Each structure stands twice: as C-alpha cells, then as structure tokens.
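To start, the structure itself, in structure tokens.
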Amino acid sequence: MATYTPENTAVVPHPEPSSARDVDTVPFLELAPGRLQGVVSSGSDVERVYCAFLEAAGGGYGSSTNNNRPDAGTEKRLIWLVEEAIAQFGMERVVRHLQPPGDPASFDNPRDLVNALVRRGGRKQEPAGNVFSRFLAYLRFVELESAPGPVPEMSWFVAGE
C-alpha cells in the first residue's frame with residue numbers, strides 16, 4: 001500500500017488559513033475560475049441560505065436564495081463571502097484572484113475590495129443552482145467514509161484550529 005506524502009499527492013500546498021473560518025455564516029466558498037462564489041447564511045433565518053458570487057476583474061455580482069429569490073442584502077452577503085475567503089486564503093491571494101482595479105496593495109479590508117469590484121461591474125441574474133449544486137456535490141464527501149491520505153476535493157472545507 002502506498003504511503004501518502006506531500007511529494008506523491010496531487011494536493012497543491014497552500015499556506016495555512018490566516019484565521020478560523022465561520023462555517024455557520026459561510027458554509028461553502030471557492031475561488032472558482034474568474035470569480036469568488038459560495039453559499040452564505042441569511043443571518044436571520046437558519047432555514048435560508050443565499051448563493052452569492054463576485055466576478056474577478058469585471059465585477060459582476062449576484063446573490064439569491066437557492067430557489068432564485070432575490071437578495072435584498074446582497075452587499076452584506078458579498079462582504080461576508082470576501083471576509084471568509086480572506087480567512088481561508090489570505091488577503092493577498094483573494095486580491096490577486098479577484099483583480100480589482102488599482103493597486104492591489106491598497107486593499108486592506110473586505111468592504112473596500114467588494115466596493116471596488118461592484119462599482120466596475122453590475123448585478124447579474126444567474127440561476128443559484130450554478131453555485132448551490134457545487135455545494136451539494138461537495139457535501140456528499142462529508143457522508144463518505146474517509147480514505148487514507150489527502151482528499152483534494154475537500155480542501156475548501158479545512159478550517160484553522
């Protein structure tokens with residue numbers, strides 16, 4: 001049987017999360033190609049979640065319930081999403097991924113980063129299923145018996161202690 005080490009696995013090493021993630025607020029997020037996307041709680045109703053995204057460079061954004069109802073608190077949800085991305089990946093990596101206009105070093109808080117991007121883009125209506133189905137697909141891994149060694153598909157779920 002093979003011994004799993006960083007040298008013989010496909011897991012791309014990345015720095016430890018800069019702080020512990022709040023999975024109650026943002027249970028799922030990912031730096032998807034060309035965007036940051038995730039599932040964000042409503043903050044007031046434990047039965048409701050929103051699927052939110054913020055596109056890199058262009059700044060298109062959106063947030064709606066998982067059954068496509070519009071989100072009146074989109075800005076708040078985008079800020080929570082960016083805060084958790086920063087906790088998971090660090091500010092430098094999130095800024096590099098989202099490519100906001102201006103000097104990348106000038107962004108030191110989530111609100112400024114979100115505002116810079118949404119000023120450049122606009123609200124986009126997109127089926128929430130695009131994000132929610134990815135979340136559900138990843139959740140199925142939680143129910144499986146763990147295999148020995150790293151599971152690259154679960155790297156988004158790792159939170160700092």
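The structure displayed is predicted, hence computed values, not measured ones. One-based numbering along the sequence shown.
The OG1 atom of T65 lies 13.0 Å from the CD atom of E47; values are rounded to the nearest 0.5 Å. Atom CD of E126 sits about 8.5 Å away from atom OG of S64, to the nearest 0.5 Å. To the nearest 0.5 Å, atoms CG (L81) and OG1 (T25) are separated by 11.5 Å. F89 contributes atom CZ, which lies 5.5 Å from atom CG of L29 (distance to the nearest 0.5 angstrom). Here the straight-line distance linking atom OG of S41 with atom CH2 of W80 works out to 5.0 Å at 0.5 Å rounding. Note that the CZ atom of R35 and the OH atom of Y61 stand 14.0 Å from one another [nearest 0.5 Å].
By the 4.5 Å heavy-atom criterion applied to side chains, V95 and P100 are counted as neighbours. Counting only heavy atoms from C-beta outward, the side chains of R69 and R48 never approach each other to under 4.5 Å. P27 places a side-chain heavy atom less than 4.5 Å from the side chain of F135. Counting heavy atoms from C-beta on, the side chains of V49 and V40 never come closer than 4.5 Å. For the pair L98 and L113, the minimum side-chain heavy-atom distance is below 4.5 Å. Side-chain contact between F28 and R134: present, with at least one pair of heavy atoms (C-beta onward) separated by less than 4.5 Å. Residues T74 and R123 meet the side-chain proximity criterion, which asks for heavy atoms closer than 4.5 Å. A heavy-atom distance below 4.5 Å is found between the side chains of F132 and V39.
L36 and L117 fall within the same hydrophobic cluster, defined by Ile, Leu, Val, Met, Phe, Trp and Tyr side-chain heavy atoms under 4.5 Å apart, directly or through other members. Hydrophobic clustering (side-chain heavy atoms under 4.5 Å, transitive across Ile, Leu, Val, Met, Phe, Trp, Tyr) groups L31 together with I79.
Considering all non-hydrogen atoms of both residues, G38 and V131 come closest at O-CG1, 3.5 Å. Taking all atoms of both residues into account, the shortest heavy-atom contact from G59 to L54 is O-CD1, 4.3 Å. Summarising the geometry of P110 relative to E83, their closest heavy-atom pair is CG-CG, 3.4 Å, with the distance given to 0.1 Å.
Counted by atom type alone, N115 and D112 present zero donor-acceptor pairs between their side chains at under 3.5 Å.
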>> F53 vs K124, test: side-chain contact (heavy atoms from CB on, under 4.5 Å). Steps then yes/no.
In response: CA-CA 9 Å; F53 67 91; K124 292 178 79 174; 3.9 Å; yes

>> Is there a side-chain contact (heavy atoms from CB on, under 4.5 Å) between V118 and L78? Walk through the geometry before answering.
In response: CA-CA 10 Å; V118 300; L78 291 176; 4.1 Å; yes

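Between the H97 side chain and the P33 main chain, no donor and acceptor come within less than 3.5 Å of each other.
Note on R120 versus E55: no salt bridge recorded, every NZ/NE/NH1/NH2 to OD/OE distance being 4.0 Å or above.
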